[in-house]
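Sequence lines set the chain letters: A, B, ... in the order given, protein chains first and strands last, and positions in each chain run from 1. Everything quoted here is computed from the prediction, not taken from an experiment.
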Amino acid sequence: MASAVTTGFSRTAQRGKLSSMFIHPSKSKHITQDPTPLENFKTHCESCTRINANDELTSFYYMLQRQPPPPISSFNQLLAAVAKTKNYQDVIFMYQRMVEVDISPNIITLNVLLNSYCSLKRVALGFSVLGGIFKSGYSPDIFSFTSLINGLFIEDKISDAVGLFNKIIQMGFQPSIRTWGTLIKGLCKSGNAVVALRLHEEAGNKNGRSYLRFKPNLICYSTLIHGLCKEGFIDKGKQLFLEMKVSGIKPNLIAYGGLIHGLCEVGNWEEARQFFIEMVDQGIRPNTIVFNVLMHALCKDGKTNEASGLLNLMILRGEEPDSFTYSILMNGLCLENRIDDARELFDFMGAKGHKRNVVYYNRLINGYCKCHKLEEAMILFKQMIHEDYKPTIITFNTMLIGLFQVGKVEVARGLFAKMKVYEVTPDSTTYNILLDGFFKNNCLAEAIDLFYTLERCGFVLDIETYSCVLDGLCKAGKLDFATELFERLSCKGLVPTAVTYNIMIHGICKTGKMEEAYNMFLEMEKKGCAPDLVTFDTLMKGFCNCNDSPKMVGLLHKMAERNILPDASIVSLIIDILSKDTNCSEYLSEIPKFSTKG
DNA sequence: CTAGGGTTAG
């Protein structure tokens, strides 16, 4: 049975000739084809945009040719200087030239090289440098390991990074404050601020991590505070803020900024204001970024007028608004559907000679798309190209969403084809938009064709993409296809989310097979995926359609267990069923009590 | 030689 379904799919996929249009060539052209060192050097110099780059490379080249060669420490100094400017590519280039003329690196040279690879998201090459360190008879030190831990974090290999940290401790290495800072930063950046906090607490505990010979410093604290607040643990952030004050560390702009940011996100404007005042009292001057954060939070909360009040304050205090400031404000206006005001700001900036950038165009295009003024959006799109701004992936994704929303499928196809022309590579969001757009605009075959083409090309599809396809299939009445695809998810290593389950449950409910729908719900619970309000809403409607009051009451109990409050539509369904059911009083007594406070 | 903050679609 399964094979029949599969065949149905591939036939559709083979029929279309869209594949070549949709799949862009991979970016393999970046790999160079072994030019000679001198050629390499020349093109490298030409492509350098940094002011000092040529100076550095010229003196480097001079050093390379000297006989006898200068000491390795001189090379290290130069490499370190280049690394400091974050031009890691240059460091690697210079290192390779050194090797060519038989200059032996020492541990510092190798560490700089290792760190450059790690910073360029090439931690694997970092590890090969580690091998090279051993081979040259050196021993890796805490610098090498700190860089590797950082590299693992940069590549999102969180557990490997933590594992390496633990391993070097086991091996008897003494971590430096920077190693610790790298660990804290990595955890906070990857959304594991709570883990970072636990480590921090253990470190403070005398019986805990006794190998730490240092106290957390300003950087550790501000990173942690920022990370915790970003994830909504404001109280923990405030606690740490106090703790750092107690241990004699004066909070800086970043610590205050993190706290204010977190408070704004949860809408606690009053406390945010207090900290803002405290910060100013402490002689810390809020910079443009802090103002931007505040304005962004205000705009997101629909308080655009207050945000523009802050803009005035900012200018009054002598802080120069930057490109972010205006784009945040523009977005706020768009969110309030004040597209004309946003346009006015946009034109005003142009008139004032304030440098526009792509983001402004993206924001405004988004604004026009949101209120379905696609012609305006398109005019702006053409204008930005005319003014030599390169459209980005955001520009295209925004336009595509807008076009599909108003049913302009043909224009969307054309725009997608244009991405190639502008050398913008579609990302997974682009494909989700296309799939969703084709499904919603009744281009079922095209959607399935695209989906199969993507799968065949080995494009890494995430659970969002599959959910989108499942939704499209279910809504088109192809529940069989959807079920087959759903069952294939686990062998692709994908875990269905609540959204995925909701889509499937909805699809099954539509066919009236409530037992199957309920089984899907049970599977969801069993797999540890928490059902949400949508899940219950969907099931309630299904059971209501077949007048299954006991099951509805059962669901209400499940909701009570999970502290999910029924919304208006569920309540009306309950009333509906009670009025139909002659045994209503019996069920009435069984309905759980929901506390009104979450 | 190795650690700290903000914006854009769904």
Figure out the [atom1]/[atom2] separation between [X] and [N], and round it to whole Å.
X       : N       : atom1 : atom2 : value
K189(A) : dG4(B)  : NZ    : P     : 6 Å
L152(A) : dA3(B)  : CG    : P     : 14 Å
R363(A) : dG6(B)  : CZ    : P     : 15 Å
L310(A) : dG6(B)  : CG    : C1'   : 14 Å
H296(A) : dG6(B)  : NE2   : P     : 11 Å
Y361(A) : dT7(B)  : OH    : P     : 23 Å
D462(A) : dG10(B) : CG    : C1'   : 11 Å
Y368(A) : dT8(B)  : OH    : C1'   : 17 Å

Less than 6.0 Å separating the ring centroids of [X] and [Y]?
X       : Y       : value
Y95(A)  : Y88(A)  : no
Y117(A) : F127(A) : no
F404(A) : F438(A) : yes

Looking across every strand, which nucleic acid part, if any, lies under 4.0 Å from [X] by heavy atom: base, sugar-phosphate, or nothing?
X       : value
I177(A) : base
N366(A) : sugar-phosphate
T398(A) : sugar-phosphate
T223(A) : sugar-phosphate
N115(A) : sugar-phosphate

Check your understanding: Angle class for the Y389(A)/Y361(A) ring planes (parallel below 30°, perpendicular above 60°, tilted otherwise)?
Key ->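 Rings of Y389(A) and Y361(A): tilted, as their planes differ by 30° to 60°.
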
Practice item. Indicate yes or no: does E265(A) engage K230(A) in a salt bridge with an N to O separation below 4.0 Å. Key: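 So E265(A) does not pair with K230(A) through a salt bridge.
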
Review point. Do N150(A) and N115(A) have side-chain N/O donor and acceptor atoms under 3.5 Å apart?
Key: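 Short answer, no.
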
**Study point:** Polar contact flag, side-chain donor to acceptor under 3.5 angstrom, N331(A)-N366(A)
**Key:**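 Not at all, the side chains of N331(A) and N366(A) share no donor-acceptor pair under 3.5 Å.
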
Review point. Which nucleotide in the list dT7(B), dA9(B), dG5(B) gets nearest to the side chain of I289(A)?
Key: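 The closest nucleotide is dG5(B).
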
Review point. Quick one: which of dA3(B), dC1(B), dG4(B) gets closest to the side chain of S222(A)?
Key: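 Side chain of S222(A) sits closest to dG4(B).
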
Review point. Under the 3.5 Å rule, do the base of dA3(B) and the side chain of N217(A) count as making a donor-acceptor pair?
Key: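 Looking at the base of dA3(B), it does pair with a donor or acceptor on the side chain of N217(A) (distance under 3.5 Å).
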
**Study point:** Base dT2(B) to side chain T146(A), donor-acceptor N/O within 3.5 Å cut-off
**Key:**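 Yes, a donor-acceptor pair under 3.5 Å.
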
Review point. Does a side-chain heavy-atom distance below 4.5 Å link F451(A) with Y466(A)?
Key: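 Side-chain contact under 4.5 Å: yes.
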
**Study point:** DNA chain B contacts among residues 320-335 of chain A, heavy-atom distance under 4.0 Å
**Key:**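 Contacts with DNA chain B under 4.0 Å: D322(A), F324(A), S327(A).
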
Check your understanding: What parts of residues 247-256 of chain A reach DNA chain B, counting only heavy atoms under 4.0 Å away?
Key ->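 Residues of residues 247-256 of chain A under 4.0 Å from DNA chain B: N252(A), L253(A), I254(A).
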
Review point. Nearest 0.5 Å, what's the NZ-CD1 distance between K236(A) and I225(A)?
Key: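 Going from NZ on K236(A) over to CD1 on I225(A), the span is 13.5 Å.
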
Review point. Who pairs with K121(A) by salt bridge (charged side-chain N to carboxylate O under 4.0 Å, His left out), at least two apart in sequence or on another chain?
Key: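 K121(A) satisfies salt bridge (charged side-chain N to carboxylate O under 4.0 Å, His left out) with no residue once adjacent residues are dropped.
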
